[in-house]
Participant: 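Here it is: the structure, laid out below.
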Amino acid sequence: MRRTCYIGELNEAFVGRTVTLQGWASRRRDLGGLIFLELRDRSGTVQVEVEPNAPAFAEADTVRAEDVLEVEGRFQPRPEGQRKGGLADYEVIASRVTVLSRAKTPPFELDKGEGVAEEIRLKYRYLDLRRPEMQRHLRLRSRAMAAVTAFLDAAGFVQVETPMLTRSTPEGARDFLVPSRLNPGEFYALPQSPQLFKQLLMIAGVDRYYQFARCFRDEDLRADRQPDFTQLDMEMSFVTQDDVLDVQERLLAHVFREVLGEALPLPFPRLSYREAMDRYGSDKPDLRFDLSFVDVTDLFRGGEFKAFADAETVKVLAAPELTRKQIDELERVAKHNGAKGLAWLRREGAGVGGGISRFVSEQAAELIERTGVAPGGTLLFAAGEWKRAVTALGAVRLALRDLFHLAAAGPRFHVSWVVDFPQLEFDEESGGWTYMHHPFTAPHPEDLPLFGTDRQGEIRAQAYDLVLNGYEVGGGSIRIHDPEVQAKMFAAIGLSEQEAREKFGFFLEALAYGTPPHGGIAWGFDRLIMVMSGATSIREVIAFPKNNRGADLMAGAPSPVSPAQLAELGISVQAEA
Ligand code: ASP
């Protein structure tokens, strides 16, 4: 027997009709001789009432949580006083209950959802996914994919798949390697991104490409990272940075409109990397709230207070009134993010008190004036080398956001671009320069003369990040299409011509066969869906994620393999030391 409809589709129009529904028994209660079942499918839950003299009673009496049922019955309003809105205004009076499949006692109560240990949810993911919230996430994700596809198809993008078994791609993480049985001792790398392939597609004349690409990076995991994850990867030919950003803005606005009914104001504001760091201490600032740093370096230059007088940068953040305990907590945050401490003082009337106030009495009036700190409010300072100081204060800014729910007052979603990233970054560990985005990102043409000089660090890249509510949800660049510029870039990062040939010879050869100017971007699709759905971890929007040790607890991966498999691959595993 086919079902009449999904449970979530039932409404006033079905009242008085006999309906057939299929789903899971999410709950059973026995009350005054009646049996009440909650029947759940992917769309909703409805109450089923089985009366003692109904033919359905005997079968209903055997039902336990998570059994699979087919229920036939009359759809009707619940008695007045028991209506709780939506589907809870109605019930089904069962004429037939058929158990299609029995369930063992579930290892956790599905209603408890969030409260259940994540390890258990992941081990029994197929049960966890039955929860309405998880079903919502899966559907939101699917609808977002459909919206992307519709928009990009209409905009002339061609969907192309690129290989999973390939060579190392330069995104700066560790590769996952796959041994080749047919070529003993040789390995494929799983792609960290389709970067080189999408650029090759531009050389191949595809002009506009996209793909939902699975990417693999062997990194230490955090709440918003997974070893395998999904990018929405795109590339366009004969474009400038503005062209790429324009398409992206319209695409993201389309997705938000289609999926959430939210209008994103266009164009998205653009901040340079320098501005973003200087004012918010982050290259992915959360701009749902506008708490920014005030620069007071000049106020202390050459003064008595040595800690500030000699610092490259002194920044201050005007916070609400804080307790000693809160200040200590914020200081811990600052220290954890590279600061030596967190200097503070409090505005008291027209003057200042507490913390470092006695060292800065001369500057008090000017500090109050510049920051606009309210009476009783706290000023928090970071001083030292610019990047270190702003980064630490940026972390304090986010801690204040969480402490005072600052983002709640702002728009639900705030999107911005961060542009003009540095082309090169000095790597303290190796003592050399390295690329900030990847080695194929094009510098600003006017900064080209700085290559090879002591001002290399000032070269700006034509690179951009898409930032949503403080998350980097996309990143891309205009690429180098001129082999001479490419050679300068390799030289700057200390890659000899021979090394470059060894690593990406096939790609460099292709560049020499007529490469159009091109550029693109990739969205971190899981992270985007996480923010759109209001989830706090990307694991909540991935059907079968790994835990934070990279393990799939349900399938039991990774796992040892048989000696025969290893022998076939010519691999021997060393015993752990
Ligand atoms: N391949 C880059 C990344 O994964 C994105 C891009 O430059 O298009 O971050």
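Order of appearance sets the numbers: ligands from 1, and atoms from 1 within every ligand. Both backbone and side-chain heavy atoms feed into the values below; hydrogens, waters and symmetry mates do not. Each residue takes its place number in the sequence, starting with 1.
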Participant: Work out which heavy atom in P422 is nearest to a heavy atom in Y273; give both atom names and the distance.
Facilitator: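 In terms of heavy atoms, the two residues are closest at CD-CD2, 3.4 Å.
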Participant: Just by distance, do the side chain of E499 and the backbone of S496 share a donor-acceptor pair under 3.5 Å?
Facilitator: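 Flag set: sc E499 to bb S496 pair under 3.5 Å.
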Participant: Quick check, are the ring centers of F440 and F504 under 6.0 angstrom apart?
Facilitator: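 Under 6.0 Å, so yes.
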Participant: Mind checking what residues have non-hydrogen atoms under 4.0 angstrom from ligand 1?
Facilitator: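 Residues within 4.0 Å of ligand 1: E171, S193, Q195, K198, R217, Q231, H437, H438, G475, G476, R479, G520, I521, A522.
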Participant: Taking K387 first and then E425, would you say they form a salt bridge - that is, a charged N and a carboxylate O separated by under 4.0 Å?
Facilitator: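 Here K387 pairs with E425 in a salt bridge, since their nearest N and O are under 4.0 Å apart.
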Participant: Salt bridge or not for D233 and K198, using N-O below 4.0 Å?
Facilitator: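 Looking at D233 and K198, the cut-off is met.
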Participant: May I ask you to decide whether R174 forms a salt bridge with E219, counting only side-chain N to carboxylate O separations under 4.0 Å?
Facilitator: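 Salt bridge between R174 and E219, a charged N being under 4.0 Å from a carboxylate O: no.
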